[in-house]
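Since the structure comes first, as structure tokens, the remarks are kept for the end.
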Amino acid sequence: MPNSYIAQNVTIDGQTVLYFYVDKGTEYFHLTSEGKCLQRKDRETVPVPVEKLKFERQEQISREYDRHFVYGAYVQHLDIDLMVEVSSKVARGFSPEKLLQYFDLAEPDVGGLRVRRAALLLFAKDVKVWHPRCSVRVVRVRGNELKPGREYNATSDEIETDNIITLLKTAWIKIRPHLTETRLFEDGLFKESTMYPEDAVFEALLNALAHRDYSIEGRGIEIFIYDNRMEIQSPGGLLSSVTIEDIKNLRVPTNQGMQK
């Protein structure tokens, strides 16, 4: 790790001056001999929890992750037919190359258009080459909790892996049959009962795919459907400007940090 501070003697007009310089702490943590974690903010040194700095750093990594160009990745690694389909709906029928440049997903290079990681996540022919866990796992559990070992009570456990756009379709096909259930009603007839509204579940799946932290490559999205609830687990946390309490109380932080 490169030094994030400078400490040396400086001679100015025959006088010895002790010169100290410390980075603002955007890349490194600064720990005192007492174990306190400090961060430079402009001219101030502010004590902050290590957990907060780790969270902010992961958020920064997540924001920049899909903007990076991937070495050796070009347009030929993308699903051209899928790009044409998307272009016909959202980009006035641009060619695949024009579509990528229009959304800033690629830039011209000597060997052709070099593409950003976001383009691979969205359109890759074989996304497993570029990301190990661009996937959705759907588990149907009989009961209200998943049990281990001999008591394992999952009746269905399926994983779909593909680029994000295709994954939205294939994962939805796996989820949809679990949204209704045939039950015996009081009139003695078996009828189909809706457990979860399709529109709400589809929106939840879409949000999970759109907002997961893809820089966390060791995990995919997991959906557990229990008898009494559905849980969608998406890698990553909330934005640093949002809290669980904000969500519960329907408060939306503004860019200035104020809430409305």
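Side-chain atoms are counted along with the backbone in the values below, which use heavy atoms only and exclude waters and symmetry mates. The structure displayed is predicted, hence computed values, not measured ones.
- If you take CZ on R67 and CD on E64, they are separated by 10.5 Å, rounding to the nearest 0.5 Å.
- Residues W130 and A124 share a closest heavy-atom pair of CD1-CB, 3.9 Å.
- Between E85 and K169, at least one side-chain nitrogen of the basic residue sits less than 4.0 Å from a carboxylate oxygen of the acidic one, meeting the salt-bridge criterion.
- When all heavy atoms of Y74 and D109 are compared, the pair lying nearest together is OH-OD2, 3.5 Å.
- Looking only at side-chain heavy atoms (C-beta outward), F103 and L99 come within less than 4.5 Å of each other.
- Note on L105 and V86: same hydrophobic cluster, where clusters join Ile, Leu, Val, Met, Phe, Trp and Tyr whose side-chain heavy atoms are under 4.5 Å apart, directly or indirectly.
- The closest donor-acceptor contact from the side chain of D13 to the backbone of Q15 lies at 3.5 Å or more, if one exists at all.
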Working note: V141 + T155, criterion side-chain contact (heavy atoms from CB on, under 4.5 Å); need CA distance, chi angles, decisive distance, verdict. CA-CA 6 Å; V141 180; T155 60; over 6 Å; no
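- Note: the hydrophobic cluster containing I165 also contains V129 (ILVMFWY, side chain heavy atoms under 4.5 Å, direct or indirect links).
- Counting all heavy atoms, side chain and backbone alike, I80 lies closest to P96 at CG2-CG, 3.8 Å.
- Residues I225 and V139 are not in side-chain contact: their nearest non-hydrogen atoms beyond the backbone lie 4.5 Å or more apart.
- Side-chain N or O atoms of S95 include one that pairs as donor or acceptor with a backbone N or O of K98 at under 3.5 Å.
- A salt bridge links E181 and R142; the closest N-O separation between the charged side-chain nitrogens and carboxylate oxygens is under 4.0 Å.
- When side chains are defined from C-beta on, F123 does not count as touching N163, because their heavy atoms never get closer than 4.5 Å.
- Using modelled atom types, one finds no donor on one side chain facing an acceptor on the other under 3.5 Å when comparing N153 with Y226.
- Panel note: side chain D162, backbone L167; no donor-acceptor pair is recorded below 3.5 Å.
- Annotation: E151, atom CD; neighbour count of heavy atoms from other residues, nucleotides and ligands within 6.0 Å does not exceed 12.
- Looking at T161 and K128, their side chains come closer than 4.5 Å, going by heavy atoms from C-beta outward.
- Note that the CD atom of E245 and the CG atom of N249 stand 5.5 Å from one another [nearest 0.5 Å].
- Hydrophobic clustering places L121 together with V90 (ILVMFWY residues linked when any side-chain heavy atoms are closer than 4.5 Å, directly or through intermediates).
- Put simply, the side chain of I6 reaches to within 4.5 Å of the side chain of Y19, judged on heavy atoms.
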Take F224 and L146 through the side-chain contact (heavy atoms from CB on, under 4.5 Å) test and state the conclusion after the steps. CA-CA 9 Å; F224 296 89; L146 184 61; 4.0 Å; yes
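- The shortest heavy-atom contact between R116 and D104 is NE-O, 2.9 Å.
- A salt bridge does not link R140 to D157: none of the charged side-chain nitrogens sits closer than 4.0 Å to a carboxylate oxygen.
- Closest non-hydrogen pair, V75 versus V115, comes out as N-CG1, 4.2 Å.
- The two atoms that bring I232 and L205 nearest to each other are CD1-N, 4.4 Å, heavy atoms only.
- Checked against R137 for a salt bridge (charged side-chain N to carboxylate O under 4.0 Å, His left out), the options E160, E222, E231, E158 give a single hit: E222.
- Considering only heavy atoms from C-beta on, K125 stays 4.5 Å or farther from L78 through its side chain.
- Under the 6.0 Å cut-off for aromatic ring centres, Y214 and Y65 do not qualify, their centroids lying 6.0 Å or more apart.
- Taking CG from N144 and CG from N228, the interatomic distance works out to 3.5 Å, rounded to the nearest 0.5 Å.
- Between R176 and E198 there is a salt bridge, since at least one side-chain N of the basic residue sits less than 4.0 Å from a carboxylate O of the acidic one.
- Here the straight-line distance linking atom CD1 of I159 with atom OG1 of T170 works out to 12.0 Å at 0.5 Å rounding.
- Under the 4.5 Å side-chain criterion, counting only non-hydrogen atoms from C-beta, V10 is in contact with Q8.
- Atoms CG and CG, on L82 and L122 in that order, are 9.0 Å from each other to the nearest 0.5 Å.
- In this structure, CG on D126 lies 13.5 Å from NE2 on H131, to the nearest 0.5 angstrom.
- Contact of the P108 side chain with the R114 side chain is not registered, since no non-hydrogen atoms from C-beta on lie closer than 4.5 Å.
- A continuous path of hydrophobic side-chain contacts links L206 to I164 [ILVMFWY only; heavy atoms under 4.5 Å].
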Let's go through E107 and L113 carefully: what are the C-alpha distance in whole Å and the side-chain angles of both, what is the deciding distance for side-chain contact (heavy atoms from CB on, under 4.5 Å) to 0.1 Å, and is it a yes or a no? CA-CA 5 Å; E107 286 185 1; L113 283 180; 5.7 Å; no
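- Ionic pairing of R133 and E217 is not present here: no N-O contact between side-chain nitrogen and carboxylate oxygen is shorter than 4.0 angstrom.
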Derivation and outcome, side-chain contact (heavy atoms from CB on, under 4.5 Å), residues L179 and V201: CA-CA 9 Å; L179 304 184; V201 176; 3.9 Å; yes
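- Remark: K147 does not engage E145 in a salt bridge, criterion side-chain N to carboxylate O under 4.0 Å.
- Cluster annotation: V127 and W172 are assigned to distinct hydrophobic clusters (Ile/Leu/Val/Met/Phe/Trp/Tyr, side-chain heavy-atom contacts under 4.5 Å, transitive).
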